[in-house]
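Structure first, commentary second.
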Amino acid sequence: MDLGLRGKMAVVTGGSSGIGLAAARVLLDEGMAVAICGRNAERLDAARQSLAPHGDVLAVQCDILEAGDVERLRRDVAGWQGRCDLLVNNAGQGRVSTFAETTDEAWSEELRLKFFSQIHTIRAFGPMLRQSGQGAIVAVNSLLAYQPEPHMVCTSAARAGVQNMLKSLAGEFAPDIRVNAVVVGLIESGQWERRFQAREDRGITRAEWLADLGREKNIPMKRLGRPEEVANAIAFLGSPASAFITGSQIEVSGGLSRHI
Ligand code: NDP
């Protein structure tokens with residue numbers, strides 16, 4: 001299927017690792033120019049170098065929680081391609097803590113991360129997306145939005161709130177900009193790599209650790225997802241191939257959800 005993305009431009013937040021990096025690669029292979037951002041300059045540069053053979057890439061150091069950084073990202077993109085057709089709001093991470101462990105500061109930090117990682121970029125790139133004629137926003141969200149976990153209480157609550165906000169935006173921005181989400185389960189990427197590196201059993205290999213995790217979490221597909229598998233869903237939702245889909249989401253979880 002031709003997704004109709006050739007010659008268009010995408011911004012992928014958190015494009016220096018995991019799902020964002022895979023999304024940038026897939027979108028470049030579809031013929032888009034892609035701007036990525038992240039906070040760590042070294043990781044960002046390594047990502048830019050790995051993506052360069054796939055097409056036109058711009059890498060901008062930017063903390064999406066800082067409105068000034070996001071404005072600079074917008075200016076760089078405007079100066080580089082003068083357009084933005086797709087915004088992939090992917091940057092972020094989860095927080096492991098129960099209600100008893102979560103301080104007021106942690107709640108504020110988590111709510112700020114989940115909401116403002118959407119709000120700042122949507123505000124900055126909204127006008128360019130509107131001008132595109134096929135503007136689309138794809139948020140990378142978590143299945144926790146629908147299936148909360150007590151050990152990730154504030155992440156789960158914040159994720160649900162973001163899904164709610166995206167639904168409002170889909171109504172407000174239609175028909176100019178479509179707003180959709182991918183809701184992911186467990187995907188092999190930076191955050192699981194960090195938990196593997198911090199494992200207690202130092203004798204266990206990465207493959208064994210991941211296989212144990214898949215079993216422990218009862219994933220029907222019996223493994224974690226790969227970042228490319230999320231990236232493909234992002235590309236579809238961000239493309240004219242899904243032109244009549246807005247206010248919706250695709251679950252990429254290997255069948256992990258229990259709701260209908
Ligand atoms: P990674 O840790 O591999 O990548 C996260 C990316 O986001 C990095 O590029 C990181 O770069 C960037 N980032 C984080 N915070 C900021 C910030 N404030 N400003 C700019 N960039 C930032 O994680 P994943 O690929 O797994 O995660 C992608 C998204 O998917 C996240 O929102 C995550 O919460 C979500 N998700 C992932 C799941 C999984 O199982 N992998 C499960 C559920 C949700 P840098 O640190 O240099 O800023």
Side-chain angles (χ1 to χ4, degrees), residues 11-26 34-48 50-51 57 59-73 87-96 109-121 124 138-149 151-152 154-156 158-160 162-163 166 181-198 210 213-214 216-217 219 221 223-231 233-234 249-254 256-257:
V11 172
V12 180
T13 68
S16 59
S17 171
I19 295 169
L21 180 58
R25 198 180 309 115
V26 165
V34 177
I36 59 169
C37 77
R39 295 161 303 178
N40 181 290
E42 274 172 34
R43 211 169 20 234
L44 196 60
D45 195 51
R48 186 188 55 73
S50 79
L51 291 171
V57 192
V60 180
Q61 194 176 9
C62 163
D63 181 342
I64 33 101
L65 296 184
E66 297 296 332
D69 278 17
V70 176
E71 173 52 22
R72 194 164 40 78
L73 173 66
L87 170 64
V88 181
N89 275 333
N90 160 79
Q93 60 190 18
R95 177 183 292 270
V96 177
E109 215 173 76
E110 187 62 5
L111 290 168
R112 180 161 177 265
L113 172 62
K114 295 299 182 288
F115 279 96
F116 284 94
S117 60
Q118 304 291 328
I119 293 167
H120 283 161
T121 50
V138 180
V140 177
N141 207 346
S142 165
L143 187 55
L144 293 171
Y146 298 97
Q147 198 159 280
E149 293 277 1
H151 73 284
M152 293 186 78
C154 56
T155 291
S156 299
R159 294 290 195 191
V162 166
Q163 280 303 101
L166 295 173
V182 287
V183 291
V184 304
L186 281 69
I187 308 298
E188 271 183 55
S189 61
Q191 49 186 305
W192 291 108
E193 186 59 34
R194 288 189 289 278
R195 289 183 209 177
F196 168 66
Q197 296 300 341
L210 285 170
L213 190 59
E216 181 198 316
K217 299 286 183 184
I219 301 172
M221 293 295 282
R223 63 174 176 85
L224 271 65
R226 290 186 273 275
E228 306 72 50
E229 291 168 325
V230 184
I234 292 172
Q249 60 279 327
I250 294 181
E251 179 186 327
V252 186
S253 73
L256 190 57
S257 68

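For clarity, every value in this text was computed on a predicted model and none was experimentally measured. Atoms within a ligand are numbered from 1 in the order they appear, just like the ligands themselves. When reading the values below, keep in mind they use all heavy atoms of this one structure, side chains included, and skip hydrogens, waters and symmetry mates.
- In this structure, NE2 on H120 lies 9.5 Å from CG on D63, to the nearest 0.5 angstrom.
- Any N or O atom pair closer than 3.5 Å counts here, and L65 shares no such pair with ligand 1.
- Counting only heavy atoms from C-beta outward, the side chains of D45 and E42 never approach each other to under 4.5 Å.
- Checking H120, R159, R39 against atom 34 (O) of ligand 1, the nearest heavy atom belongs to R159.
- Distance OG/S17 to CD/E193: 9.5 Å, rounded to 0.5 Å.
- Contact of the S189 side chain with the V230 side chain is not registered, since no non-hydrogen atoms from C-beta on lie closer than 4.5 Å.
- The CZ atom of F115 lies 10.5 Å from the CZ atom of R159; values are rounded to the nearest 0.5 Å.
- The distance from the CD1 atom of I64 to the CZ atom of R39 is 7.5 Å, given to the nearest 0.5 Å.
- Atom 12 (C) of ligand 1 has as its closest protein heavy atom G14 CA, 3.5 Å.
- Distance from atom 30 (O) of ligand 1 to its nearest protein heavy atom, with residue and atom name: V140 CG1, 3.4 Å.
- Using a 4.0 Å cut-off between a side-chain N of Lys or Arg and a carboxylate O of Asp or Glu, E229 and R223 qualify as a salt bridge.
- For ligand 1, none of its N or O atoms has an N or O atom of L186 under 3.5 Å away.
- Within the 4.5 Å cutoff, side-chain heavy atoms of I187 are placed close to those of I19.
- The shortest contact between atom 18 (N) of ligand 1 and any protein heavy atom is with D63 OD1, 2.9 Å.
- Between the choices A91, G92, C62, G20, the shortest heavy-atom distance to atom 5 (C) of ligand 1 belongs to G92.
- Between C37 and ligand 1, no pair of N/O atoms sits closer than 3.5 Å.
- At a heavy-atom cutoff of 4.0 Å, ligand 1 is contacted by the side chain of R194 but not by its backbone.
- In this structure, L143 CG and L256 CG are separated by 5.5 Å, a value rounded to the nearest 0.5 Å.
- For atom 42 (C) of ligand 1, the nearest protein heavy atom (residue, atom name, distance) is G185 O, 3.1 Å.
- Of all protein heavy atoms, the one lying nearest to atom 1 (P) of ligand 1 is S17 OG, 3.5 Å.
- Once rounded to the nearest 0.5 Å, the distance linking CG of N89 with OG1 of T121 reads 3.5 Å.
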Step by step, work out the side-chain hydrogen bond (donor to acceptor under 3.5 Å, both in side chains) result for Q249 and Y146.
CA-CA 11 Å; Q249 60 279 327; Y146 298 97; 3.1 Å; yes
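- Residue contacts with ligand 1: I187 is placed with a nitrogen or oxygen under 3.5 Å of a nitrogen or oxygen of the ligand (distance criterion only).
- For the pair A24 and L51, the tightest heavy-atom approach, listed with the atom from each and the gap, is CB-CD1, 3.8 Å.
- What sits closest to atom 11 (O) of ligand 1 on the protein, heavy atoms only, is S16 OG, 3.5 Å.
- Residue contacts with ligand 1, taken as heavy atom pairs separated by less than 4.0 Å, do not involve S117 at all.
- Ranked by closest heavy atom to atom 29 (C) of ligand 1, the top entry among N90, T155, L213 is N90.
- Using a 4.0 Å heavy-atom cutoff, A22 is absent from the residues neighbouring ligand 1.
- Taking atom 43 (C) of ligand 1 as the reference point, the nearest protein heavy-atom neighbour is V184 CG2, 3.4 Å.
- The protein heavy-atom contact nearest to atom 26 (O) of ligand 1 is S189 OG, 2.4 Å.
- Among Q191, E193, E66, R43, the residue whose heavy atom lies closest to atom 46 (O) of ligand 1 is R43.
- For ligand 1 and G18, the ligand atoms under 4.0 Å from any heavy atom of the residue are 3 (O), 25 (O).
- Atom numbering of ligand 1 starts at 1 in the shown order; those under 4.0 Å from a heavy atom of S142 are 43 (C), 44 (C).
- Under 4.0 Å from ligand 1, the heavy atoms of Q93 that appear belong solely to its backbone.
- Although no hydrogens or angles enter the test, the distance criterion places no donor-acceptor pair under 3.5 Å between the side chain of S156 and the main chain of A145.
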